[in-house]
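On a predicted model such as this, the values are computed, not experimentally measured, just so you know. Only heavy atoms go into these numbers, but all of them, side chains included; no hydrogens, no water, no symmetry mates. All chains are named by letter (A, B, ...) in the order of the sequence lines, taking the proteins before the strands, and each is independently numbered beginning at 1.
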Number of protein chains: 2
Amino acid sequence: MAEGGFAAFSAREVAKRIGYSIGTIYNVFGSLDRLVLAINSRTFGLWADAMRDHLAVAGEDRIAALVDAYFDFAEGHPHLWMAIYDHRPPAETPLPEDYLPRRAALLGLVESEIARAVPGADAAALARSLVATVHGHCAFALGGTFALLGERDPRGAALARVRETLSANAPRASGGDRP
Amino acid sequence: MAEGGFAAFSAREVAKRIGYSIGTIYNVFGSLDRLVLAINSRTFGLWADAMRDHLAVAGEDRIAALVDAYFDFAEGHPHLWMAIYDHRPPAETPLPEDYLPRRAALLGLVESEIARAVPGADAAALARSLVATVHGHCAFALGGTFALLGERDPRGAALARVRETLSANAPRASGGDRP
DNA sequence: TATAATAATTAGACAGCGTTCAATTTTAAC
DNA sequence: GTTAAAATTGAACGCTGTCTAATTATTATA
């Protein structure tokens with residue numbers, strides 16, 4: 001998956017590489033969808049770890065560190081990152097038991113920083129929306145859309161948008177986060 | 001494509017439905033990638049038309065109309081819309097001749113409105129970034145991510161983010177678009 | 001109109017895919 | 001050592017994208 005991405009991914013290739021037969025893959029995971037979900041669940045864990053590492057060595061601008069960590073992981077593991085969003089299993093496909101907790105943990109990291117940066121606001125709602133904002137920039141960056149449109153600093157644009165939102169939702173003054 | 005989406009799309013099925021053989025499809029389009037690109041190119045045209053229709057009947061809040069048009073088209077043709085972003089052809093795949101112009105026309109619609117709303121700013125850069133912002137919200141809405149995270153008003157969130165950015169980049173005062 | 005040249009169309013062949021399942025091998029328990 | 005349970009296998013099925021030789025249809029020319 002990390003090599004060829006979601007489109008080139010195949011259960012048969014997995015079986016070949018780990019030295020098992022295709023049948024065993026299906027006995028363990030049940031379907032290709034659930035195998036991919038297991039991989040994506042693992043990716044959420046890796047992603048959260050990378051985010052925590054970034055935050056641990058971050059200076060006082062933890063928001064910039066967050067955005068950087070987001071982009072760094074996506075650019076460092078583009079196929080793993082894209083597989084999360086490229087894969088659209090049928091709604092009834094059961095999720096691996098770790099899937100939701102790991103995904104929630106990842107969002108929780110963001111939410112904590114938002115809550116710290118903007119104490120009064122609805123941190124959960126802001127976190128969801130700002131993750132969507134950064135995701136949009138990251139998706140356009142990795143997918144080539146930004147290159148097509150002449151955008152050369154996706155990170156900078158994403159960070160600018162995040163800062164604008166945090167400023168606008170800051171507790172007291174509405175013009176910035178610095179008196 | 002509109003029925004089953006990108007994952008379920010097949011050149012053989014297309015051939016069957018239009019009453020031609022699979023070979024003819026390949027003589028005309030050359031590869032599945034280029035067939036999908038032709039479909040996506042058409043989708044950009046449909047999308048731009050829908051945006052223009054929305055703007056034509058919009059009130060004075062043209063920014064809200066823009067965001068609404070974006071979401072309306074994506075929600076009205078989810079598979080067509082997703083196919084644009086789900087499809088990742090090899091970089092060397094030649095694009096249909098209308099592909100780039102149509103895509104540019106779509107962005108141009110946004111850019112014009114941004115330029116009107118925020119006269120002084122770099123409308124092109126803002127348009128790219130705000131489209132990414134709205135795209136992120138739309139992708140999370142259609143992909144189910146927002147449902148998973150408890151977000152119930154993706155449109156409202158997207159519009160709020162756009163307004164914050166426009167306010168922050170407004171020519172004179174930095175606190176709002178209304179004196 | 002008859003013929004030659006060009007274009008359009010076809011369907012079979014190939015390798016690979018996800019999925020299923022009866023048969024087999026390995027492991028564990030007694 | 002024997003039996004019960006678990007794990008593993010790979011062939012079979014219908015599907016996919018892609019290629020290509022053969023065929024048909026169309027057009028231009030004599």
Checklist entry - Reckon Ser21(A) touches a base, only the sugar-phosphate, or nothing at all at heavy-atom distances under 4.0 Å? => result base
Checklist entry - Rounded to the nearest Å, what distance is computed from the CG atom of residue Asp33(B) to the P atom of nucleotide dT18(D)? => result 7 Å
Checklist entry - Salt bridge check: are Arg42(A) and Asp98(A) linked by an N-O gap of less than 4.0 Å? => result no
Checklist entry - Of all the choices, dC17(C), dT19(C), dA13(C), which nucleotide is nearest to the side chain of Arg12(B) once you look at every atom? => result dA13(C)
Checklist entry - Counting side-chain heavy atoms from C-beta on, which of dG18(C), dT18(D), dT9(D) comes nearest to Thr24(A)? => result dT9(D)
Item to check | Candidate nucleotides dG10(D), dA11(C), dT9(C), ranked by approach to the side chain of Asn27(B) - the nearest | outcome: dT9(C)
Item to check | Nearest-angstrom distance from the residue atom CG of Leu32(A) to C1' of dC15(D) | outcome: 14 Å
Next on the checklist: Once you measure the plane-to-plane angle for Phe73(B) and His77(B), does it fall in the parallel (<30°), tilted (30-60°) or perpendicular (>60°) bin?
Outcome noted: tilted
Checklist entry - How close or far is atom P of dT20(D) from atom CD1 of Ile25(B), stated in whole angstroms? => result 19 Å
Item to check | Distance, rounded to the nearest Å, where Tyr26(A) contributes OH and dC13(D) contributes C1' | outcome: 13 Å
Item to check | Which nucleotide in dT9(D), dT10(C), dT19(C) has an atom nearest any side-chain atom of Tyr20(B) | outcome: dT10(C)
Next on the checklist: Which is more 5' along DNA chain C, the nucleotide nearest Gly30(A) or the one nearest Glu13(A)? Just name the residue.
Outcome noted: Glu13(A)
Checklist entry - What integer distance in Å separates Ile18(A):CD1 from dA7(D):P? => result 15 Å
Item to check | Integer-rounded Å distance: dC14(C) C1' and Ile22(B) CD1 | outcome: 14 Å
Checklist entry - Between His135(B) and Tyr85(B), is the gap from one ring center to the other below 6.0 Å? => result yes
Next on the checklist: A quick test of your reading: do over 12 heavy atoms of other residues, nucleotides or ligands sit less than 6.0 Å from OH of Tyr20(A)?
Outcome noted: no
Checklist entry - What's the CZ-C1' distance between Phe29(A) and dT8(D), to the nearest Å? => result 15 Å
